[in-house]
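Here is the naming used below: chain letters follow the sequence lines, and residue numbers restart at 1 for every chain. The model shown is predicted, which means the values in this text are computed figures rather than measured ones.
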2 protein chains.
Amino acid sequence: MNFASEASRRPGRGQRTDERIHGAIYAAIINHQLRPATPLQEDALAGAFGVSRTIIRKVLQRLAHEKLVVITPNKGARVARPTTEEGRQVFEARHIIESELVRKVARKRDDRGLDRLRGIVAEERKAQLADDKRRRVQLSGDFHQALAELADNAVLADVVQELVSRTSLIIALYEVPGAVPCSCDEHSEIIDALAAGDEAAAIERMDHHLRHIESQVDLSQSTGGVDFRSLFAQALPD
Amino acid sequence: MNFASEASRRPGRGQRTDERIHGAIYAAIINHQLRPATPLQEDALAGAFGVSRTIIRKVLQRLAHEKLVVITPNKGARVARPTTEEGRQVFEARHIIESELVRKVARKRDDRGLDRLRGIVAEERKAQLADDKRRRVQLSGDFHQALAELADNAVLADVVQELVSRTSLIIALYEVPGAVPCSCDEHSEIIDALAAGDEAAAIERMDHHLRHIESQVDLSQSTGGVDFRSLFAQALPD
DNA sequence: CGGCCGCAATATGTATACAATGTTGTTCAA
DNA sequence: TTGAACAACATTGTATACATATTGCGGCCG
C-alpha cells in the first residue's frame with residue numbers, strides 16, 4: 001500500500017501521522033498479515049507511508065516497547081517471535097489479572113457496560129457468519145480490552161491490552177493445525193454470569209475461556225535458547 | 001552534570017549511550033531529584049549529555065511509554081504528574097499482581113532466591129543507618145523487583161517494575177508531611193514467611209506492606225482537573 | 001580446490017538544518 | 001488603561017545528509 005499522496009498533501013499537521021502509521025502496522029501484526037520474524041526495514045516502510053525514516057523509527061521504537069517488534073542494534077527491526085516460555089508467562093499473567101478484573105466487574109453490576117460487551121459479541125457473531133477471521137481476532141481482543149476498561153482501572157486495562165496483543169503473536173506462532181477459533185459463546189457466557197452478579201461463575205468462565213485459548217496453541221516445543229550441544233550431541237566429537 | 005567529554009570520545013559505539021542517558025534520567029525521577037511536572041527540554045538535556053536531540057527524543061519517548069514522562073505535542077516533555085485516581089489504580093494493580101507473585105514464590109521454596117532478597121534488605125538497613133534516603137527508595141524498589149523475578153514470570157516482573165517506578169512518582173506528589181519511610185522490617189517479615197513456606201502469611205504481609213505504603217500518601221485530594229470556581233468560591237464574586 | 005581476507009553494498013545510528021507551531025512581549029487603537 | 005493583534009522568539013516536528021556497522025561476495029593465497 002502507498003499512502004504517500006495523503007501524507008504529503010498536508011505537510012506538518014501534528015503527530016496524527018505517527019498514530020496512523022502505528023495503528024496500521026499494529027493491526028497488520030495482530031491480523032497475522034505480518035507474521036513473526038518478518039523484517040521491518042526502515043526505508044521500505046518510510047517509502048510505503050510516504051514519510052521519512054524518522055517517523056518510522058519512532059513507530060518501531062514504540063512497537064518494540066509494546067513487545068510486538070524486536071529491534072536488534074545495527075541489524076534492524078523484526079516482528080517479535082515470542083518463545084514458548086514467554087507464551088506461558090503471558091497466559092499466566094492474563095489469568096491472574098483478568099480473573100480479578102472479572103471479579104470487580106461482577107461486583108459492579110454496570111448494565112450499560114455489559115451492553116457494550118454484548119455489542120462486541122454481536123459483532124463477533126456477525127464476523128463468524130461472514131467467516132471474516134481477521135475481524136474475529138480483532139473483536140476477540142476488543143472484548144477483553146473492553147472488559148478491562150469496565151473494571152475502572154486504566155492501568156490494568158493497558159496491561160491487558162498489551163497482553164492481548166502478545167497473545168495474537170503467540171497464536172500466530174504456535175497455533176495447532178486444526179485449531180477451532182475461539183467461539184464467541186464463551187464470551188457470551190461470561191457476560192451472562194456478570195449480569196447475574198455471580199462472581200464465582202464469572203471468574204470460573206473466564207478461567208475456562210483462557211484455558212481454551214491456551215489449548216489452541218502448542219507451547220511444548222523448547223524454543224528458549226536451543227542447546228546445540230545436546231541437540232547435536234551424537235553428531236559432535238565427544 | 002556534563003558528560004560531553006565521555007560521550008564524544010567514542011562517537012558511534014552502538015546504543016549503549018541511550019541506555020546510559022535513560023538510566024540517568026530514570027534514576028533522577030525515581031530519586032525525586034526531578035520532581036513531577038518538571039519540564040524536560042530537549043536542547044537542555046542534549047547539551048547536558050553531549051548528544052544531539054535525536055538521542056534525547058528517543059529516551060523521552062521511552063520514558064513516556066513507561067509513564068514517567070508526559071509528552072504534549074508541540075509543547076514538550078515533563079515529568080509525569082499522576083492523578084490521585086491513577087495512584088489508586090497503581091496501588092490496586094500492585095495488590096493484585098504482587099499477591100499472586102508472593103504466592104508463587106512461597107510455593108517454590110527457592111533458598112538461593114531468598115538469599116538474594118535478604119541481601120537487598122541488608123543493604124536497606126545499611127542505607128537506613130546512613131540516613132541515605134535516595135538509596136533507601138532505590139533499594140525498596142529493587143526488593144519488589146527481585147521478588148517479582150523470583151516468581152519465574154518476566155512478563156509480570158516487567159509490569160511490577162513499571163508500577164514500582166510509578167509509585168515513586170505518586171509518593172513524590174502525595175506523601176503526607178510526617179511520613180515515616182517504609183521500614184525494611186516489613187520486607188524482612190515477608191522473607192521470613194516465604195522461607196517458612198507459609199503462603200497465607202506471606203500474602204498477608206505483602207498486603208499489609210502495600211497498605212502501609214498507601215497510608216503514607218494522601219490520595220483524597222481531587223486532582224482530576226482543579227475546579228477554580230469552587231476553589232476560589234469565597235474570593236470570587238459569586 | 002578450499003578457505004581466509006578484504007572490500008563493497010546495504011541498512012542502521014546520529015547529527016544537523018529547516019519548517020511549523022506555540023508563547024510571550026510589545027505596540028497601537030478604542 | 002485595557003484589549004487585541006502582531007511580531008519576535010523559543011521549542012518541537014520532520015527530513016536529509018553523513019558516519020558507522022554488518023553482511024555477502026569475489027579475489028587471492030595456501
Side-chain angles (χ1 to χ4, degrees), chain A residues 2-25 34 37-65 68-81 237, chain B residues 2-25 34 37-66 68-81 236-237:
Chain A
N2 188 331
F3 295 129
S5 49
E6 303 110 82
S8 55
R9 199 182 304 157
R10 303 190 226 167
R13 62 133 145 71
Q15 63 191 38
R16 195 61 128 264
T17 315
D18 308 14
E19 204 59 42
R20 244 196 44 241
I21 297 177
H22 174 271
I25 300 180
L34 289 172
T38 305
L40 301 172
Q41 219 172 334
E42 298 179 356
D43 262 327
L45 289 169
F49 286 104
V51 295
S52 85
R53 279 175 50 216
T54 310
I55 311 283
I56 299 298
R57 285 179 72 84
K58 195 200 295 193
V59 170
L60 289 178
Q61 226 106 46
R62 179 169 160 199
L63 289 165
H65 204 129
L68 296 182
V69 157
V70 169
I71 297 177
T72 311
N74 286 319
K75 296 193 56 183
R78 288 170 173 273
V79 178
R81 227 183 115 291
Chain B
N2 188 331
F3 295 129
S5 50
E6 302 111 80
S8 55
R9 200 182 304 156
R10 300 194 230 166
R13 61 132 147 71
Q15 64 192 36
R16 197 60 128 258
T17 315
D18 308 14
E19 203 61 42
R20 244 195 45 240
I21 297 177
H22 174 272
I25 300 180
L34 289 172
T38 306
L40 300 172
Q41 218 167 21
E42 298 178 356
D43 257 328
L45 288 169
F49 286 104
V51 295
S52 86
R53 279 174 50 215
T54 310
I55 311 284
I56 300 296
R57 285 179 72 85
K58 195 200 296 194
V59 170
L60 289 177
Q61 226 107 44
R62 178 167 162 200
L63 289 165
H65 203 128
E66 293 165 347
L68 296 182
V69 156
V70 170
I71 296 177
T72 312
N74 286 320
K75 296 193 56 183
R78 290 171 172 271
V79 178
R81 224 180 120 291
L236 287 172

query = Which of the following nucleotides, dG13(D), dT14(D), dT22(D), is nearest to the side chain of N74(B)?
reply = dG13(D)

message = Of the listed nucleotides (dT12(C), dT16(D), dA15(C)), which one gets closest to any side-chain atom of V51(B)?
response = dA15(C)

inquiry  = Would you compute the distance between atom NE2 of H22(A) and atom CG of L68(A) and round it to the nearest 0.5 angstrom?
reply    = 7.0 Å

message = Let me confirm one number: the CD-CZ distance from Q61(A) to R57(A), rounded to the nearest 0.5 Å.
response = 6.0 Å

Can you check the [X] [atom1] to [N] [atom2] distance for me, whole Å?
X      : N       : atom1 : atom2 : result
I56(A) : dG13(C) : CD1   : P     : 14 Å
R53(A) : dT20(D) : CZ    : P     : 15 Å
K58(B) : dG13(C) : NZ    : C1'   : 7 Å
K75(B) : dT24(C) : NZ    : P     : 9 Å
R16(B) : dT20(D) : CZ    : P     : 19 Å
E42(A) : dT16(D) : CD    : P     : 15 Å
D43(A) : dT16(D) : CG    : C1'   : 12 Å
F49(B) : dT14(C) : CZ    : C1'   : 17 Å

Distances for protein N/O vs nucleotides 5-10 of chain D N/O pairs under 3.5 angstrom?
none

query = Counting just side-chain N and O atoms, does R57(B) come under 4.0 Å of either OP1 or OP2 of dG13(D)?
reply = yes

remark   = Contacts of E66(B) meeting salt bridge (charged side-chain N to carboxylate O under 4.0 Å, His left out) (sequence neighbours excluded), chain-then-number -> R62(B)

request  = Name all residues meeting the salt bridge (charged side-chain N to carboxylate O under 4.0 Å, His left out) criterion together with R78(B); count only those two or more places apart in sequence or in a different chain, and write none if there are none.
outcome  = none

task = Could you list the residues that satisfy side chain to side chain contact (heavy atoms under 4.5 Å, CB included) with T54(A), not counting sequence neighbours?
result = S52(A)

task = Name all residues meeting the side chain to side chain contact (heavy atoms under 4.5 Å, CB included) criterion together with A77(A); count only those two or more places apart in sequence or in a different chain, and write none if there are none.
result = L40(A), L60(A), V69(A), I71(A)

key: Pairwise 5' ranking along DNA chain D for G76(B) and T54(B), keeping only the more 5' one   = G76(B)

query = If you take all heavy atoms of D18(B) and K58(B), which pair is closest and at what distance?
reply = OD2-NZ, 2.6 Å

